[in-house]
Each structure stands twice: as structure tokens, then as C-alpha cells.
Amino acid sequence: MKESGKSNILLIGLPGSGKTTVGKLLASKLKCSVYDVDDHHLESVWGCSVADKLTELGDYGFLEAEGHATKQISKSNSIISLTGSNPLNSEAMRHLKKEGYVIYLESAHESIVERCEKMRVNRIVGQSSYSLSDIL
């Protein structure tokens with residue numbers, strides 16, 4: 001994975017597209033660590049759940065705080081599973097892309113809605129005002 005000085009693989013995609021699952025599978029195959037931005041980074045930086053932070057700050061405040069926290073990530077030889085909203089912050093993405101290759105995971109909207117409903121996902125930007133179908 002060290003070709004061209006880049007040592008990470010960044011997984012991006014819509015909420016529920018399988019970033020966390022694919023990240024774990026890739027890390028196992030490539031014998032490297034997996035780093036889930038929601039679970040391993042944001043919650044430890046903030047000291048609360050992502051859902052609680054989203055409720056506290058609202059959509060726009062959350063995106064700003066998430067971007068700031070994401071710019072603090074410093075990893076190597078890792079699979080980094082980004083949040084569904086990380087790509088909305090161009091500065092944070094520039095920071096991450098310096099050290100990694102980006103892989104976009106695409107999934108049918110119907111599958112995403114079904115997965116998110118099954119998992120009872122409550123940490124999607126815009127979810128308080130719009131249905132998941134509308135967000136997608």
C-alpha cells in the first residue's frame with residue numbers, strides 16, 4: 001500500500017453503503033488496521049456519541065465540528081472508513097487524501113434505506129428535517 005508515498009485507503013460513500021463492513025474485510029485481507037471515523041475518532045475527540053453531537057450542534061454546526069475533528073486524523077497503513085458526511089468538508093478531505101487512496105462505495109438507495117432502518121441509524125446529517133430517501 002506504500003506506493004507513491006500514500007499508505008491509507010479511504011472508504012467513502014453514502015450512509016449505510018457498507019464502509020464499516022468493507023473496511024473490516026479489507027483490513028483483514030491486507031493485514032492492516034481499520035479506523036472508523038465515527039466510532040474510533042469522533043466519539044473519542046468529542047467525548048459523546050455522534051448522534052448526541054449532531055443533536056447538540058444541528059446539521060451545519062455538526063459539519064463544521066466534524067471537519068475540524070477529521071483534520072486531526074493522522075494514520076498510516078490503515079483502512080479509514082469515513083463518515084457519510086466527511087466528503088462535504090473539502091479541507092478535511094484534502095487532508096486525508098494526502099496520505100491515502102480514495103475508494104467510493106456505491107449501493108442502491110433502496111438497500112441503504114433498508115440497512116439504515118434495520119440498524120436504526122440516527123446520526124445522518126439532515127435526518128431531523130428530511131427522510132432518508134430525500135437525503136439520498
Side-chain angles (χ1 to χ4, degrees):
M1 229 181 344
K2 281 239 176 209
E3 191 177 308
S4 303
K6 295 187 178 190
S7 65
N8 296 315
I9 294 175
L10 309 171
L11 300 176
I12 68 170
L14 295 171
S17 62
K19 298 178 297 292
T20 299
T21 302
V22 171
K24 290 175 185 176
L25 292 169
L26 271 176
S28 174
K29 292 280 187 196
L30 297 174
K31 309 241 186 296
C32 64
S33 63
V34 63
Y35 192 72
D36 185 279
V37 173
D38 272 329
D39 298 333
H40 300 135
H41 185 71
L42 295 177
E43 293 189 353
S44 64
V45 167
W46 292 334
C48 65
S49 73
V50 171
D52 287 347
K53 196 67 164 181
L54 179 58
T55 299
E56 173 191 335
L57 299 176
D59 293 337
Y60 294 107
F62 176 85
L63 290 172
E64 186 175 321
E66 180 187 54
H68 178 72
T70 301
K71 289 188 285 187
Q72 298 173 22
I73 294 173
S74 177
K75 288 285 173 198
S76 60
N77 296 318
S78 297
I79 306 297
I80 302 175
S81 176
L82 300 179
T83 71
S85 54
N86 277 146
L88 298 176
N89 188 298
S90 56
E91 285 182 39
M93 287 304 296
R94 269 193 298 280
H95 165 74
L96 292 170
K97 288 185 338 186
K98 284 189 279 184
E99 298 295 324
Y101 295 99
V102 176
I103 297 175
Y104 174 72
L105 300 181
E106 187 173 352
S107 188
H109 288 190
E110 299 80 24
S111 298
I112 291 173
V113 170
E114 184 178 307
R115 281 185 214 134
C116 288
E117 286 174 353
K118 186 176 184 179
M119 296 184 302
R120 297 185 179 177
V121 174
N122 63 347
R123 58 187 191 188
I124 297 173
V125 172
Q127 195 173 19
S128 64
S129 303
Y130 302 97
S131 72
L132 186 52
S133 295
D134 290 340
I135 292 169
L136 297 175

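Note: hydrogens, waters and symmetry copies are ignored here, and every other heavy atom, side chains too, is used.
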If you look at every heavy atom in [X] and [Y], which pair is closest and at what distance?
X	Y	result
I79	C32	CG1-SG, 3.6 Å
L14	S17	O-OG, 2.8 Å
F62	S85	CE2-OG, 4.0 Å

Are the side chain of [X] and the backbone N or O of [Y] linked by a donor-acceptor pair below 3.5 Å?
X	Y	value
S78	I80	no
H41	Q72	no
D36	D38	yes
N8	N77	yes
N86	T83	yes
E99	S7	no
K19	G13	yes

ask   = Would L42 and E66 satisfy side chain to side chain contact (heavy atoms under 4.5 Å, CB included), going step by step from the backbone distance to the final call?
value = CA-CA 7 Å; L42 295 177; E66 180 187 54; 3.9 Å; yes

For the residue pair [X] and [Y], establish whether any side-chain heavy-atom pair is separated by less than 4.5 Å.
X	Y	result
L10	K97	yes
E43	S49	yes
D59	L54	yes
K29	L25	no

message = I need the Y104 OH to I12 CD1 distance, nearest 0.5 Å.
response =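 Those atoms lie 7.5 Å apart.
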
task = In sequence, state the C-alpha distance, the side-chain angles, and the governing distance for L57 and E64, and then conclude on side chain to side chain contact (heavy atoms under 4.5 Å, CB included).
result = CA-CA 9 Å; L57 299 176; E64 186 175 321; over 6 Å; no

ask   = Among side-chain atoms of T55 and D52, is any donor-acceptor pair under 3.5 angstrom?
value =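 T55 vs D52: no donor-acceptor pair found between side chains.
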
